[in-house]
Amino acid sequence: MKRLLSGIKPTGELTLGNYVGAIRQFVDMQKDYESFIFVANLHAITVYNDKEELQKRTRDLVAIYLACGLDPEKTTIFLQSENNYHNNLGWVLECNTYIGELNRMTQFKDKSKNKSENAITCGLYTYPTLMAADIIMYDADVVPVGIDQKQHVELTRDIAQRFNKRYGDTFVIPQPIIPETGEKIYDLQNPTKKMSKTEENPKGCIALLENPASAAKKIMGAVTDSDNKVIFDQENKPGISNLMTIYSVLAKKTIKEVEMEFKDSNYGTFKKAVADCVSKFLTDLQQKYNDIINSGTVDKVLDDGIKKAREIAQAKVAEVYQKVGLSR
Ligand code: TRP
């Protein structure tokens with residue numbers, strides 16, 4: 001069975017965008033891959049995060065993974081910070097990466113734009129090398145990520161290839177898997193921007209743990225064009241296409257089926273259907289989340305997960321240290 005690995009940073013609130021663009025993919029793919037899904041909490045501290053907040057979001061993320069349907073029998077779920085080998089391999093990879101490569105990372109450029117050098121951490125800069133370690137540590141074949149992370153996976157491939165060439169075959173070269181249109185959702189108020197947990201406009205973004213009634217309201221207030229025809233056209237009708245994507249994912253229907261279902265409906269009727277569907281989805285999800293977060297499940301899953309993750313990582317780091325000459 002091929003291996004899949006991905007992770008999410010426990011910063012900001014998890015949104016419907018994280019579900020549609022990432023978590024849902026992990027859930028769908030776990031039957032076909034040996035999966036490793038982790039909480040990228042080491043990555044969270046590249047920018048300052050309140051301690052209590054970080055701990056809460058870490059636990060929440062695991063409960064949400066489970067509530068969304070990740071099955072610990074099929075997927076190894078763990079905390080990055082509990083596996084010190086990530087730091088060990090991260091350092092070796094950092095020493096096999098050039099600053100020219102890190103300088104070209106567009107996410108770093110975006111995040112550090114207009115900031116003083118005394119406001120940007122070294123961790124934010126070298127973050128892609130730690131991400132590379134996360135991935136190649138486990139010989140992951142595929143890495144489902146959003147388009148914003150594609151460049152980091154490409155860098156990971158370059159680093160892995162370089163290492164293999166210098167030190168002999170050690171790492172599997174991973175393949176990024178990027179969701180296609182219709183698998184990704186956008187801000188409800190600004191539907192050409194991705195729905196994001198750090199979006200300033202709260203009306204554009206639905207959090208997975210928000211009140212279902214408030215989420216329904218946001219759907220009703222979503223920005224659309226005035227054509228009043230429920231047709232998927234990402235380019236010219238981004239707002240309505242976004243709502244169609246949301247509905248199609250949550251109601252498990254194809255975009256074509258959604259078009260058929262609403263071919264005689266106006267936007268009001270359609271929005272109402274989407275709002276009901278989102279509200280029902282959140283209600284179910286939150287029910288499961290509440291059961292999980294208030295039980296011992298999160299700790300049990302993480303204890304089992306870290307054992308397996310560490311075992312694999314320990315062997316890999318031993319091999320790497322040996323090859324690099326970090327041994328007696
Ligand atoms: N960088 C990713 C993000 O910000 C999170 C991440 C860290 C990750 N390590 C990873 C994703 C390894 C996939 C694989 O979303």
Side-chain angles (χ1 to χ4, degrees), residues 2-15 17-26 29-30 33-47 49 54 57-58 61-62 64-65 70 75-91 93-94 97 102 105-112 121 123-160 171-179 184-185 194-199 305 309 312-313 316:
K2 293 208 164 195
R3 277 201 184 152
L4 173 152
L5 176 137
S6 194
I8 297 179
K9 275 190 305 193
T11 53
E13 269 183 296
L14 282 181
T15 71
N18 295 110
Y19 176 74
V20 174
I23 302 175
R24 182 180 60 108
Q25 258 83 346
F26 307 162
M29 293 174 85
Q30 65 182 341
Y33 291 88
E34 185 187 3
S35 294
F36 294 79
I37 300 294
F38 68 103
V39 178
N41 55 351
L42 294 176
H43 287 264
I45 65 164
T46 53
V47 295
N49 264 281
L54 180 57
R57 292 201 195 284
T58 298
L61 179 51
V62 177
I64 286 176
Y65 279 157
L70 278 187
T75 300
T76 303
I77 300 171
F78 66 98
L79 298 193
Q80 186 187 27
S81 65
E82 291 185 348
N83 192 350
N84 294 332
Y85 294 109
H86 287 239
N87 303 78
N88 297 155
L89 182 59
W91 174 250
L93 298 185
E94 222 174 284
T97 305
L102 294 182
M105 294 296 112
T106 56
Q107 191 179 54
F108 177 75
K109 286 198 249 183
D110 287 347
K111 288 196 173 180
S112 56
T121 67
L124 188 68
Y125 184 61
T126 59
Y127 161 125
T129 55
L130 181 61
M131 176 160 167
D134 300 338
I135 297 170
I136 63 181
M137 179 82 90
Y138 300 93
D139 287 331
D141 298 287
V142 299
V143 185
V145 282
I147 188 81
D148 58 317
Q149 295 296 320
K150 188 170 178 225
Q151 196 189 25
H152 293 159
V153 182
E154 280 161 359
L155 175 68
T156 302
R157 291 168 59 88
D158 292 344
I159 298 171
F171 297 116
V172 169
I173 310 303
Q175 192 70 46
I177 297 188
I178 314 295
K184 180 176 159 191
I185 61 174
K194 105 172 185 185
M195 182 182 279
S196 153
K197 49 195 176 187
T198 48
E199 179 56 51
I312 295 170
K316 190 56 110 182

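Whatever order the structure lists them in is the order used to number ligands and atoms, beginning at 1.
No donor-acceptor distance shorter than 3.5 angstrom exists from the side chain of Tyr138 to the backbone of Ser35, with no hydrogens or angles considered. Put simply, the side chain of Thr126 never gets that close to the backbone of Thr129: no donor and acceptor are under 3.5 Å apart. The backbone N or O of Thr106 sits less than 3.5 Å from a side-chain atom of Gln151, completing a donor-acceptor pair.
Listed as neighbours of ligand 1 are Leu5, Ser6, Gly7, Lys9, Phe38, Ala40, His43, Tyr127, Met131, Asp134, Ile135, Val143, Val145, Gln149, each bearing a heavy atom under 4.0 Å from the ligand.
In this structure, the side chain to side chain contact (heavy atoms under 4.5 Å, CB included) partners of Asn41, at least two apart in sequence or on a different chain, are Pro10, Val39, Thr58, Leu79, Gln80, Ser81.
Counting all heavy atoms, side chain and backbone alike, Asp134 lies closest to Leu5 at O-CD1, 3.4 Å.
Distance NE2/His43 to CZ/Phe38: 5.5 Å, rounded to 0.5 Å.
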